[in-house]
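Here the structure is laid out as structure tokens; the discussion comes afterwards.
Residue numbers begin at 1 in each chain, while the letters A, B, ... track the order of the sequences.
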There are 2 protein chains.
Amino acid sequence: MRELTKAFQALSDETRLRILGLLLERECCVCEVMQALDISQTRASRNLNILYDTGLLKQRNEGLWSLYSIDREGMKGRFAGLVRVVEKALESNPVVALDRDKLKNAQRVGPGCGPQANKTSKRSTPTKGSKEAKE
Amino acid sequence: MRELTKAFQALSDETRLRILGLLLERECCVCEVMQALDISQTRASRNLNILYDTGLLKQRNEGLWSLYSIDREGMKGRFAGLVRVVEKALESNPVVALDRDKLKNAQRVGPGCGPQANKTSKRSTPTKGSKEAKE
DNA sequence: AGGATATAAGCGCTAATGCGCATATACGGT
DNA sequence: ACCGTATATGCGCATTAGCGCTTATATCCT
């Protein structure tokens, strides 16, 4: 019961639904989420973690990046239908559509990502080439 | 979007899920809910109202009683899948099972229903005979 | 009309939530 | 080793949520 209320609680926040809107498209790192939704790093990280420990997301590290994605297998039956509901509800949402659009332009290294980011900014591939900073 | 977060928020509370557990069985009045869940009248009423104005419930009056039930038609598509998820999640829940059991013994007129109820207590049918007070 | 009662609503308190700010931690590049 | 960056976390604050207590409202019965 507690598990269920907790799941609903996790879904009862606009920021988190928008995050799911992104993750339904593809796996994302915190940095991409904060850029696509135009929110602070703290906020992105916190809300990703909240979704994570309800069991809705899974996480993996790749170099510096913490990558989150929807845990489709992990939620055996429990939340399966729930994610479908969210997916359906968000599919025609203009905010989510915009977020997804901004996600395409998001870079793993971008302005505002770090405390004093973008001094000369021309870093690129972290561990293995994933995305390159445009100039 | 707001409508969706609000719906999830409404479902993120144990009391309200238990209430839905009852209403999935049948229409109930506030009094029955408070007896079955063994909660205060204020709490039953408030939480029913919360579910009501998210659009999950519909309400009708019958004499003194305010009867709530799940609004299966009213939520065209929006929450339809959501209710299915809740139904499935609650079907094997022991707390809900117990609540439903207590609902069978609940009476529309029972001890604790009113501010100073059960003085001589032998009221019965309100408008049309629905249930009679035992003893 | 008067009494009883089922429900709703105002008020105040406590706990939980969301978030920004600052800081800590982890990792890769030079 | 040092620096910069991506992410996580402690702290404090403002807002919201949930609930009990009390009171208001509506309805029925005699």
side-chain contact (heavy atoms from CB on, under 4.5 Å) filter on A/I50, not counting sequence neighbours, yields A/A10, A/R16, A/N47
Task: Co-membership, hydrophobic cluster, residues B/L22 and B/L98, 4.5 Å side-chain - done: no
B/C29 has its side chain closest, among D/dA6, C/dT7, C/dA22, to C/dT7
Rounded to whole Å, CD of B/E14 lies from P of C/dA15 at a distance of 19 Å
Per nearest nucleotide of DNA chain C, the residue lying toward the 5' end, A/N61 or A/S40, is A/S40
Against the side chain of A/L64, the closest entry in D/dA6, D/dG20, D/dT7 is D/dA6
Of the listed C/dC21, C/dA8, D/dT7, the closest approach to the B/Q41 side chain comes from C/dA8
Side chains of A/T5 and B/D13 in contact at under 4.5 Å (non-hydrogen atoms) = no
Minimal heavy-atom distance between B/F8 and A/L82, with the atoms involved, is CE2-CD1, 4.1 Å
When rounded to whole Å, the CZ to C1' distance for the pair A/R46 and C/dT23 reads 12 Å
CG (A/L90) and CZ (A/R100) are apart, to the nearest 0.5 Å, by 7.0 Å
Would you please confirm or rule out a distance under 4.0 Å between OP1 or OP2 of D/dA8 and any side-chain N or O of A/S45? yes
Picking from D/dT7, C/dA8, D/dA8, the nucleotide nearest the side-chain atoms of B/N49 would be C/dA8
Residues passing the side-chain contact (heavy atoms from CB on, under 4.5 Å) test with A/N93, sequence neighbours excluded, are A/V95, A/V96, B/M1
Between protein and nucleic acid, restricted to nucleotides 12-18 of chain D and to nitrogen or oxygen atoms under 3.5 Å apart, what atom pairs and distances do you find?
{"residue": "D/dG18", "atom": "OP1", "partner": "B/R16", "partner atom": "NH2", "Å": "2.7"}

Which of D/dG10, D/dA8, D/dA6 is nearest the side chain of A/Y68? It is D/dA8
Residues at least two apart in sequence or cross-chain that pass side-chain contact (heavy atoms from CB on, under 4.5 Å) with A/E3, listed by chain then number, are A/R78, A/F79
From CD of A/E62 across to P of C/dA26 the rounded distance in Å is 19 Å
When the rotation axes relating C1' atoms of four end pairs to the next four are compared across the helix from C/dA1-D/dT30 to C/dT30-D/dA1, five pairs an end, they differ to 10° by 30°
Residue set satisfying side-chain contact (heavy atoms from CB on, under 4.5 Å) with B/K58, at least two apart, ordered chain then number -> B/S69, B/D71, B/E73
